[in-house]
Amino acid sequence: MLRIKRVPTVVSNYQKEETEEAAAAARRVSGCGRNCLNKCCIQGAKLPLYAFKRVNKFKTEMGVHGHEVREPEPPVAFLDSLVLGEWEDRVQRGLFRYDVTACETRVIPGQYGFIAQLNEGRHLKKRPTEFRVDKVLQPFDGNKFNFTKVGQEEVLFQFEASEDGEVQFHPSAPIDVENSPSVVAINVSPIEYGHVLLIPRVLECLPQRIDRDSFLLALYMAAEAGNPYFRLGYNSLGAFATINHLHFQAYYMALPFPIEKAPTKKIISTGSGVKISELLNYPVRGLVFEGGNSLEDLSNTVSDACICLQENNIPYNVLIADCGKRIFLLPQCYAEKQALGEVSSELLDTQVNPAVWEISGHMVLKRKKDYEEASEENAWRLLAEVSLSEERYQEVNALIFEAIARGDDANGGVAESVIGEADAKPKSGGEVDAINKNSCPAMVSGTPECLVLHGSRYCGLMIRYCFYKLASAMTY
Amino acid sequence: MDSQLGLIEQSFNNRYTLWVHEALDELPDSFTITDPSISGHPIVFASRGFLKMSGFSRAEIIGRNGRMFQGPRTNRRTIMEIREAIREERPIEVNLLNYKKDGTPFWMLFKMSLVFGKEDGRATHFVAVQVPIVSRKHMRNSGMSYSEDGGGSRLREIVFGSCRREVCSDSLLDLDRVLALDSDDTGLEIEDSCEASDLEKRKAATAIDNILSVLTHYSQLTGRLVCGKRCSLPGMGFISSSLYISLGRIKQSFVLIDPHLPDMPMVYASDAFLKLTGYDRNEVVGQNCRFLNGVDTDTTVLYQIKESIQTEQACTVRILNYRKDKSSFWNLLHISPIRNASGKQLASTFNSTSFTICPVEIAYFAAVHTEEGCRNQDRHGLSLEMRQLSAIGAIKVAVRSLSMGAGPSKS
C-alpha cells in the first residue's frame, strides 16, 4: 500500500486533525455548539436556496429562432451575482483565514501565460498526515473531516433543480433533511476570489467519486453562472483531493488558463454529438470534451469516462471551463511517483501538489523563492511529471473510449446483440458476430486487428476511434 | 433601449461626424465596428457588405454584441482567442464559423484591429472585417476525408483486409453507414476547420487599412484624432477597454475612485450611477465625488467615510446626496477598497498634495450607491445588501485579474 506524507489544506474553519476530532467526538453532547450541518444542529436550519432551470439545450446566443433578445451583452447572471455577493459578505464577516486579494499573483511571461500566486497562508498546519494515495475509490469515513462538520455560516446557499423549469430563489428556505440538498460553501483557504465548494447531496455523505447525477449538477452550475471565468474543478483521490467527501471546487479568474489555450486535435464525435479531442503541445496529456446534443449528453459522456478511470484505479482531475462547454479530463500519476521516490527533490521542495488548478496552469506557491523564480519552463517541468507517459495515456484512452462507446450505445444506439465473449455463437438474420472483445488495446499499438462489433453506435464510435489511431500512426 | 441606441449614435458621431457613415458605406467590404466603453461592448456600425452577407438588418445588429453571430458549431477555443485579444487590446486574425440570419453556418476569415485615441492612447473602437472563405479545402478530423477520393477507401481496405475473422456482408453495410455518421447531423456538409487563402487574407488586410484611413480622416474633422496604433501611453487614471467591458456588465450604480491621483477623483462611473444622479459621464469622470454632497449632508458621515478610506476598511453609511437637478435622496453608500494583484504600483504615486496617503496595493475604492426607498429586493429576491456586495465582488474580480497580466499591449 503506497503512502506519502502530505500536509492537508484546511478548507473549513472547523477542520481538525483526526486525533483531535476523535477526542472531540468523545466529548460531544447534543448540539455540538458549532452550528454545523449534522443531526446535532441541522433541525430547523435555513439557508438561501437557488433553484436552477434545467436547460438541457445549450443556450444559443442567436436571435434567429424566435425569441429576440435585445440585450447586447448579458449582464452578470443571477447565480453569478449570488455567489459574488455571498462570498463578499463572508469576507466582510471575517470568515476567511486570510485575504486572498492580498496574495501577490502574476502571469508568467511566456507562450502560455502560466499564473503564479504567492500564498503562504494556505498550508499552515505543519503536522503531516498520512493519506493513502494508491486507491482512487475509498469508502467514506465519518470520523475524518467531512462537510457535514462545517459551520452553517460557511454555507452560502442550497443549489437544486427547480420544479417548474424557472429559476427560483428563496432567501431563506428550510433544509430538507430527508432529501439532502446540494450546497455551495466557501473554502476558507481560498486560492482566488470566490473560491467555493459545490457539495452534492451533502447529508448523504458520498465519498469522493463521480457519478452521473453529481457531474450533471456541476455542469448545471457552470452553465447557470454563465461566466467563462468561473470554472469548476474536480480532484479524484490520489490526484490530490484533500477530503474524501464528494465535492467540486470553483472560483473566479478573469484570465485564460494555459490549458484552455492549448491546441487540440479532434479524435471523434460520439453518437450524441459530443466532440472528443486530445490536448496537443501541453505538458499534461488529456482529453477535451465539447458539444453534445444536450448538456446531459455531454455530462454523461464525461461521467462515463471518469467512472471508467475510477474503476480502473487511475487518479484523474477534471476542469469544467467555458460555462460548461469545454471539459478537460486529465489522468495523472504524480502521487504514485512521489510514493515510489521518482520525483526529484527540487520539485518536491516546492511542495506543490498538482491538482486540477495547477494542471490548468494556476500554480499556488508557498515559498517566495519559487514565486520569484517562477518561469514557464519550471511550470512545464513540474507538470510534465504529472502527466501519464504517452504509452500509458494511449492505453487509458482505449479504456475510456470503450466505456464511452458502451454508454453511448446504452443511451441511444440501436442495440444489436452485445456480445462479450470471443466464442459467442453467430446469430441469424444478418446480425453481427462477436470477434474479439479486447481488440482495441491491440489497435492502440498500431496493428489493426479485429473489430469489436456491438451495437451500431458502439461500433461506429470504436471504428472512428480506430481510424483516428491508424491515421495518426500513418503520419509518421 | 432607445437611450442606448441614442448613446451609440452620439458617441460615434462625436468622434467621426455624421458624414463618416456615408464614407464607410462606400466601402464594399463586410465589417463591423464595436465600442468597448459602452456597456455590453456593442456593435456601433455595420457595413452594407456585412448586412448583405449576414442577412440581418441594421436595426437588428446595432447595439448588440458580436457573439450573436456564433452558434453551436462555432469553435469554442477560437471564441476564447477572440475574447482574449479583446481583453489584451491586440489585433487578431482567425478562421471563424458564423451563422446567418436564416441559421446557415459559414466560414470566414475574421480579422480584428483596434483604433486608438491619438492623445490619450485609449482603445476607442474595435474594427472587425469578415471575409467569407470560398476556397474548398476539406479538412476533417485528422486530415482524412470520407469521400470517394482515395484516402478513405484505402484506409477501409487496410482495415478490412486485415480482419482475421469472418464478417458477414450485412455488417459491412452497417460499417459504411456508421462511417458516414460522422458528418453533420443537419445534413450540411460543414467542415470542422477551414483555412483562408492568401488572397482572402490580403483582402482582409486591405479592408482594415481602408476603414482605418476613413476613420482617421474623419476624426480629424472633430479634432478627436484616432490612429491605428497606440501613439501615446495612456496616462494616469487609465481604465483599459477590457476593464470597461468587465465593469459594464455590472448593473448597479457605482463609481471607482483612484486614491493615487490628486484629490481622489472618480475614474469610472456606471450607467446606473449616471441615471441615479442625473449627470452625464463627462461631467463626473475626473471629479471628486464631493459634488454629490450638499447643504444638508451630515459632515460626521463624511468624516466616517474619510476614516474608512484611510484605514482601508469597507464601510456602509447612510448619507444625504443631491442629484444634478438639486433634488436630494438618501443614499445607502457602501465603500470598499479594491486591491490590485501585484502589490506593485499601477500608476506613479502622487504623494505630497493628495489629502490621504494610500498604500500602493490598493488600486481603487469602489463606492456603490443605492437610493433608499427603492424596492428592497430585486425581481430575483436578492436583498439590497447582497446586490451591493455582489457589485463589489464583481469589481474585485475584474480589477484583480486585469492587474495580474502584463497589461494592454503597448503596440
Side-chain angles (χ1 to χ4, degrees), chain A residues 58 60-64 70-73 75-76 78 81-82 84-89 92 101-102 104-107 109 115 169-171 193-194 252-256 260 264-266 269 271 273 290 322 325-326 430 432-433 435 448-451 453 456 459-460 463-464 467-468 470-472, chain B residues 1 40-42 63-65 67-68 70-72 76-77 80 84 99 101 103 141-144 155 158-159 162-166 168 170-171 174-175 178-179 181-182 185 192 246 249-251 314 339 341-343 380-383 386-387 389-390 392-394 396-398 400-401 404-406:
Chain A
F58 279 118
T60 52
E61 290 86 6
M62 299 160 64
V64 284
R70 221 23 236 200
E71 287 187 84
E73 165 146 357
V76 175
F78 179 36
S81 283
L82 182 63
L84 287 167
E86 293 282 351
W87 215 85
E88 179 63 25
D89 172 71
Q92 299 198 4
T101 65
E104 263 186 74
T105 307
R106 65 187 178 96
V107 173
I115 302 154
F169 178 69
H170 306 276
Y193 194 89
Y252 292 91
M253 171 77 84
L255 286 175
E260 293 172 324
T264 60
K265 187 166 139 195
K266 174 173 167 178
S269 285
E290 311 175 69
D322 198 4
K325 295 193 179 136
R326 287 183 91 203
V432 297
D433 286 326
I435 311 282
E449 288 196 344
C450 305
L451 304 170
L453 298 173
S456 70
C459 164
I463 288 172
R464 292 199 292 282
F467 266 124
Y468 173 80
L470 281 170
S472 306
Chain B
M1 264 312 121
H41 193 190
R64 295 195 57 183
N65 184 281
R67 72 171 63 88
M68 66 179 276
Q70 297 161 8
R76 300 300 310 174
R77 191 167 157 269
M80 183 204 73
E84 291 312 313
Y99 288 74
K101 179 167 179 175
N141 293 347
S142 27
M144 294 177 334
L155 221 49
I158 294 176
V159 173
S162 50
C163 224
R164 305 276 161 89
R165 312 275 174 89
E166 258 183 60
C168 61
D170 283 346
S171 57
D174 278 343
L175 286 168
V178 302
L179 287 174
L181 273 177
D182 198 36
D185 284 323
D192 282 333
S246 308
R249 295 177 70 219
I250 305 170
K251 291 306 156 197
R339 298 194 136 74
S342 60
H380 289 297
L382 271 187
S383 70
M386 207 43 63
R387 268 178 290 146
L389 292 174
S390 82
I392 298 287
K396 283 187 174 178
V397 172
R400 181 167 164 75
S401 304
M404 285 175 193

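Every chain is numbered from 1, with letters handed out A, B, ... down the list of sequences. Atom set for the values below is all heavy atoms of this structure, side chains included, hydrogens, waters and symmetry mates excluded.
- Considering only heavy atoms from C-beta on, Arg400(B) comes within 4.5 Å of Thr105(A) through its side chain.
- With a 4.5 Å cut-off on non-hydrogen atoms, Glu290(A) touches chain B through its side chain but not through its backbone.
- Note: Leu82(A) CG to Met386(B) CE = 7.5 Å, rounded to the nearest 0.5 Å.
- For Ala254(A) against Ser401(B), the heavy-atom pair with the smallest separation is N-OG, 2.9 Å.
- Gln92(A) approaches Ala314(B) most closely through the heavy-atom pair NE2-CB, 3.8 Å.
- Interface remark: Arg77(B) contributes backbone and side-chain atoms alike to the contact with chain A (heavy atom separation under 4.5 Å).
- Here the straight-line distance linking atom OG of Ser81(A) with atom CG of Leu389(B) works out to 11.0 Å at 0.5 Å rounding.
- Met404(B) and Leu255(A) make their closest contact through SD-CD1, 3.7 Å (heavy atoms, listed as atom of the first residue, atom of the second, distance).
- With rounding to the nearest 0.5 angstrom, the CZ atom of Arg76(B) is 9.0 Å from the CZ atom of Arg326(A).
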